[in-house]
Amino acid sequence: MTLSIATWNINGVRARLDTFMTWLRQASPDIVCLQEIKTVDAGFPSEPVEALGYNVALHGQKGFNGVAVLSKLPLEDVSRGLPLGEDEVDEQSRFLEAVVSVQGGVLRIASLYLPNGNPIGTDKFAYKLAFMERLRRWAEERLKFEEPLLIAGDFNVIPHPIDAKNPQVWSHDALFQPESRAAFAALEHLGLTDALRASTDAGGIYTFWDYQAGAWQKDHGIRIDHVLLSPEAADRLEGATVEKHVRGWEKPSDHVPVIVRLGLET
DNA sequence: ATGCCGGGTGGAACCCGA
């Protein structure tokens with residue numbers, strides 16, 4: 001059978017409730033990773049989501065950030081936040097890890113909201129790069145398990161010029177800095193596969209269009225929402241698609257969902 | 001060089017995003 005896993009930066013789940021529920025009913029993925037829910041756990045619309053058959057795991061935050069994993073399969077293990085070093089504190093809710101059972105083992109899922117990092121040259125950019133290094137170290141440890149693993153979310157990185165309509169516009173932006181792109185490449189060098197790029201080398205595929213300056217109307221987009229796969233997941237990849245049409249709906253998020261399909265028995 | 005738009009908080013004007 002095929003398991004479908006989606007990721008979507010929803011830009012405020014409460015402001016997006018109608019759009020979100022409409023999409024969830026239509027697309028009906030087995031697993032959904034959400035970012036920027038922008039609410040504490042108690043503010044998440046768990047009841048209507050559970051009514052559609054989903055289990056809900058949350059790592060919320062007041063006003064900003066916040067990630068979630070929804071799953072039609074039971075969530076057996078949930079862990080909030082990336083590991084921290086000695087004396088390190090991270091008050092930002094940007095990472096949520098969960099495990100579901102599949103035939104012969106488990107499927108491990110991480111919902112990720114990587115820091116934007118703008119403007120460059122500030123502590124925000126340093127925080128982004130430090131966060132990416134923490135993610136790299138975590139992924140390195142998890143890959144030792146040799147199990148199907150997905151890191152799905154808003155990476156806030158434009159990996160290559162082909163992933164932007166106008167790459168030169170982003171040359172001074174944290175999303176397209178050499179350091180940001182190198183840190184993304186370092187994740188791939190661990191053995192992780194960019195699911196969309198494993199499916200196609202076509203240009204013009206974007207997941208974000210700014211609300212401002214008519215970016216959507218001009219198709220001035222960037223591809224910054226990604227799904228990275230461990231070798232055991234990549235071997236089962238059946239396809240990856242971007243739900244572009246959702247950007248044209250009423251009250252859209254500025255991001256659209258990305259869906260990957262894996263051949264896995266449950 | 002900055003704002004554009006939109007969500008959040010808190011109850012106006014400001015922070016934040018990408």
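Below, chains carry the letters A, B, ... as their sequence lines are ordered, and counting in each starts from 1. If you're wondering where the values come from, they're calculated on a predicted model, not measured in any experiment.
- Among the atoms of the strands shown, only primed sugar atoms or phosphate atoms (P, OP1, OP2) are found under 4.0 Å from some heavy atom of A:D154.
- In this structure, A:N11 does not reach the B:dG7 phosphate: none of its side-chain N or O atoms is under 4.0 Å from OP1 or OP2.
- For B:dA18, the OP1/OP2 oxygens have no side-chain nitrogen or oxygen of A:H220 closer than 4.0 Å.
- Distance, A:D173 CG to B:dG17 C1': 11 Å, rounded to whole Å.
- Proximity of A:Y113 to the phosphate of B:dA18: a side-chain N or O atom is located under 4.0 Å from OP1 or OP2.
- The residue A:A213 sits close to a base: some heavy atom pair falls under 4.0 Å.
- Checked for salt-bridge contact, A:E141 and A:R137 miss the test: no charged N lies under 4.0 Å from a carboxylate O.
- Here B:dG17 presents its C1' atom at 13 Å from CZ of A:R16, a figure rounded to the nearest Å.
- Between A:K38 and B:dG6 there is no side-chain N or O to OP1 or OP2 distance below 4.0 Å.
- In this model, the phosphate group of B:dG10 is approached by a side-chain N or O of A:K62 to a distance below 4.0 Å at OP1 or OP2.
- A:K124 comes within contact range of the sugar-phosphate backbone alone, with a heavy-atom separation under 4.0 Å but no base atom that close.
- Between A:N156 and B:dA18, a side-chain N or O to OP1/OP2 separation shorter than 4.0 Å is present.
- Taking atom P in both B:dC4 and B:dA13, the straight-line distance is 15 Å, to the nearest Å.
- For A:R14 and B:dT9, the shortest distance from a side-chain N or O to OP1 or OP2 is below 4.0 Å.
- Comparing B:dA18, B:dG17, B:dG7 by their closest approach to the side chain of A:R94 singles out B:dG17.
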Donor-acceptor pairs under 3.5 Å, side chain of residues 181-194 of chain A to any protein atom, not counting sequence neighbours: which ones?
residue, atom, partner, partner atom, Å
A:R181, NE, A:P159, O, 3.0
A:H189, ND1, A:A185, O, 3.3
A:D194, OD1, A:L196, N, 3.2
A:D194, OD1, A:R197, N, 3.4
A:D194, OD1, A:R223, NH1, 3.3
A:D194, OD2, A:R223, NH1, 3.4
A:D194, OD2, A:R223, NH2, 2.9

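- A salt bridge links A:K244 with A:D219: the closest approach of a Lys/Arg side-chain nitrogen to an acidic carboxylate oxygen falls below 4.0 angstrom.
- For A:F64 and B:dT9, the CZ to C1' distance is 8 Å, given to the nearest whole Å.
- With the nearest nucleotide of DNA chain B identified for both A:V13 and A:N9, A:V13 has the one nearer the 5' end.
- Atom P of B:dC5 sits at a distance of 25 Å from the matching atom of B:dG10, rounded to the whole Å.
- As a whole-Å value, the separation of A:E250 CD from B:dG7 P is 12 Å.
- Screening A:F208, A:W216, A:W23 against A:H255 for a ring pair (Phe, Tyr, Trp, His ring centres under 6.0 Å) leaves a single residue, A:F208.
- Using C1' as the reference atom, B:dG11 and B:dA1 are 33 Å apart when rounded to the nearest Å.
- Remark: C1' of B:dG7 and CD1 of A:I10 are 13 Å apart, rounded to the nearest angstrom.
- Proximity note for A:N116 (side chain, C-beta onward) versus B:dC4, B:dG8, B:dG17: the nearest is B:dG17.
- Each of A:E36 and A:P252 has a nearest nucleotide on DNA chain B; the 5'-most of these lies closest to A:P252.
- Two residues are said to be in side-chain contact when any heavy atoms from C-beta on lie closer than 4.5 Å; A:R247 and A:Y206 fail this criterion.
- B:dA12 and B:dG6 are spaced 23 Å apart, taking the P atom of each and rounding to whole Å.
- Between the side chain of A:R80 and the main chain of A:L58, a donor-acceptor pair closer than 3.5 Å is present.
- Between A:D210 atom CG and B:dG17 atom P there is a gap of 13 Å when expressed in whole angstrom units.
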